[in-house]
Amino acid sequence: MNGSAAELARTVEALLFLAPDPVPVGELIDACEVSEVQIRNALDLLAEELAPGRRGIVLREVAGGWALATDPGAEPAARRLLARPKTPPLTAAQAETLAIVAYLQPVSRPEIARIRGVSSESGVQTLSERGLIEEAGRSRFGAVIYRTTELFERLFGLNGLEDLPDVTKFDPTPEDAAELRERLLEAGEQRAAP
Amino acid sequence: MNGSAAELARTVEALLFLAPDPVPVGELIDACEVSEVQIRNALDLLAEELAPGRRGIVLREVAGGWALATDPGAEPAARRLLARPKTPPLTAAQAETLAIVAYLQPVSRPEIARIRGVSSESGVQTLSERGLIEEAGRSRFGAVIYRTTELFERLFGLNGLEDLPDVTKFDPTPEDAAELRERLLEAGEQRAAP
Amino acid sequence: MRTADLELDLDVFAGPFDLLLAVVLREEISLLEVELGAIVLAYLEHLDEEGELDLEAATEFLVLIAALLELKSRLMLPTEEEPELDLGPEEAADELLARMLEYRRYKDAGEELSRRFARESPYLYRSAPLPIELRRISLEASRQAYDPDRLGVALGDLLTPPPAVDTSHIRPTVSLERRLDVLRDLLGRSARIDFDDAFGGEDRLTQAVTIFALLELHKKGEATWSQERNFGAIEIRGQRTEDRGQIGAGRARS
């Protein structure tokens with residue numbers, strides 16, 4: 001990219017905004033297709049625009065390259081906004097997945113998918129990211145297996161897994177003596193059948 | 001946090017820089033501990049500072065909240081830096097399926113297939129994998145039903161589903177429909193005449 | 001070339017495809033007399049000449065031919081038992097037109113979404129992990145946010161098998177051989193049979209296969225059948241040896 005120093009400074013700002021890690025000058029040169037002098041000038045210009053106290057974000061030179069960071073003054077607000085467990089309402093898919101992990105743990109992802117009758121990748125991923133479930137090793141077939149976390153118990157107000165509600169209360173056929181896991185797998189296969 | 005409008009605008013900029021998703025006004029109010037009027041003023045100020053062409057990043061109202069994004073001019077350099085291939089465009093089948101989900105949500109796959117006249121399994125799966133649609137529970141027959149995601153709204157620049165163009169916009173006018181039918185009938189009469 | 005311009009040369013119609021659709025809509029030609037198979041063949045020939053597949057045109061053709069097939073099958077089925085199929089040709093045509101318009105609505109909406117997607121794709125959003133000091137969430141600070149019963153309810157739903165699929169519309173297979181046997185047996189005992197008296201109580205599929213068996217008997221010269229007027233009684237007569245040669249083939253109801 002060519003153009004004025006101001007335009008280049010804008011592009012560099014955009015690049016540093018997107019990059020999750022500090023960007024070395026060499027990579028900025030390649031990405032912008034300009035000379036090192038031009039990049040240095042653009043960084044100087046950007047440093048001036050993002051001087052501490054002027055904006056909500058500042059330019060930092062750290063080990064490994066250049067990065068944008070938030071102004072320290074915003075930290076208390078950032079903590080209020082972001083540093084808390086994410087507890088948006090569970091979607092139906094998440095509730096189903098979480099119930100399976102909670103009652104059957106440890107349980108593998110293929111098992112979860114068989115019971116639900118649909119691929120459950122994104123549900124498992126979201127629950128992991130929110131810290132409600134975690135990996136608990138691998139099954140003998142190599143599939144990752146999952147269990148619930150302490151945070152899960154905390155967010156559901158449970159003192160332990162034995163505090164989970166008695167499933168017979170919600171069971172449409174509580175008289176069925178077969179094991180819960182077998183029954184769930186069977187119902188799941190019926191749902192998946194055309 | 002109190003302070004001048006400029007200071008609040010800086011804090012909001014920092015929060016939007018850190019937040020992984022668009023932030024609704026209500027959450028900004030809580031995080032900054034100010035009134036809604038103050039937040040609106042800060043957002044106005046920030047919008048001015050980040051007006052297109054001024055900086056490398058712009059302020060956008062998408063998916064029910066506020067977010068920072070890079071200026072479109074930086075896209076080529078950004079893709080070079082992050083080695084991110086250009087997002088593939090939607091295929092016609094994906095676009096049709098997405099339109100049906102967007103306008104009729106929640107909607108089941110059989111319903112989508114009925115409207116499109118063909119099985120829509122792979123379209124639904126690809127859109128799920130791209131994070132544009134997600135499960136929203138089950139119909140009474142056990143079929144998974146779908147709705148669009150926040151990511152959909154973000155990637156399509158919508159502030160909410162009400163931002164979608166009115167679907168009747170795509171209907172032929174009653175006059176056009178009548179004319180179409182008339183034209184067909186006239187063709188029939190010409191055929192009947194010797 | 002547009003599908004609509006596909007030139008057809010059928011027994012009952014010669015001209016472009018969309019004109020056929022028009023005359024069918026106008027009921028200048030009964031769809032029952034149009035051999036849809038011949039249209040498909042003509043289209044395949046056309047594809048062969050063309051040498052390459054225009055997907056847009058092929059889709060259009062499929063939608064149109066499917067509409068004609070659905071319309072024709074509606075016309076061929078008696079309708080008294082299924083109210084949702086109880087449509088005259090006029091309403092059936094209107095319903096099909098409505099379905100095609102509904103499809104077009106979402107096709108056009110999809111195109112609009114694609115344009116919007118392309119317009120928005122240069123805006124890039126940041127996706128970076130939170131700085132380490134914001135990532136640490138103390139377990140003690142978190143409070144109950146969910147009702148544990150939500151899990152029980154979800155599990156109960158998963159334990160509920162889906163409702164049994166209604167299979168009442170699937171009829172047992174009817175064998176042509178068996179219907180031939182029944183007809184031969186009846187004709188052996190009586191020279192004349194009234195179709196409705198003998199088979200009126202059977203289900204529709206059995207009646208249809210019986211008609212088919214009658215065609216077979218007629219071909220073999222074992223029986224003739226006649227129907228004075230449309231929807232009138234069908235009379236079946238066994239063919240004694242001396243009667244053979246005098247053919248009076250009847251027309252079935254459909």
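Order of the sequence lines fixes the chain letters, A, B, ..., with proteins taken first and strands second; residue numbering starts at 1 for each chain.
Between A/Leu15 atom CG and B/Thr70 atom OG1 the span is 8.5 Å, to the nearest 0.5 Å. Atom CD of A/Gln94 is separated from atom CD of B/Glu135 by 10.0 Å, given to the nearest 0.5 angstrom.
A/Arg116 places a side-chain heavy atom less than 4.5 Å from the side chain of B/Arg138. A/Arg55 places a side-chain heavy atom less than 4.5 Å from the side chain of B/Arg55. In this structure, B/Arg80 and A/Asp30 have side chains that are not in contact, with every pair of non-hydrogen atoms separated by 4.5 Å or more. Side-chain contact check for B/Arg147 versus A/Thr91: some heavy-atom pair is nearer than 4.5 Å. Put simply, the side chain of A/Arg10 does not reach to within 4.5 Å of the side chain of B/Arg54, judged on heavy atoms.
Counting heavy-atom pairs closer than 4.5 Å to chain A, the top residue among B/Ala19, B/Ala136, B/Gly137, B/Ala14 is B/Ala14. Options A/Leu46, A/Val58, A/Ile57 differ in how many heavy-atom pairs under 4.5 Å they form with chain B, and the most are formed by A/Ile57.
No more than 12 heavy-atom neighbours from other residues, nucleotides or ligands sit within 6.0 angstrom of CD on A/Glu48. Counting non-hydrogen atoms of other residues, nucleotides and ligands closer than 6.0 Å to CD of A/Glu186 gives a total of 12 or fewer. At most 12 heavy atoms of other shown residues, nucleotides or ligands fall within 6.0 angstrom of atom CZ in A/Arg60.
For a residue to count as touching a neighbouring chain, one of its non-hydrogen atoms must lie under 4.5 Å from one of that chain's; by this rule A/Ile29 does not touch chain B. Contacts of A/Leu68 with chain B are made by both backbone and side-chain atoms, with heavy-atom separations under 4.5 Å. In this structure, chain A has a heavy atom under 4.5 Å from the side chain of B/Leu50, while its backbone stays farther away. At a 4.5 Å heavy-atom cutoff, A/Glu121 makes no contact with chain B through either its backbone or its side chain. Only the backbone of A/Ala69 comes within less than 4.5 Å of a heavy atom in chain B; its side chain stays farther off.
Of the options B/Val23, B/Leu18, B/Leu16, a side chain to side chain contact (heavy atoms under 4.5 Å, CB included) to A/Leu81 is made by B/Val23 and by none of the others.
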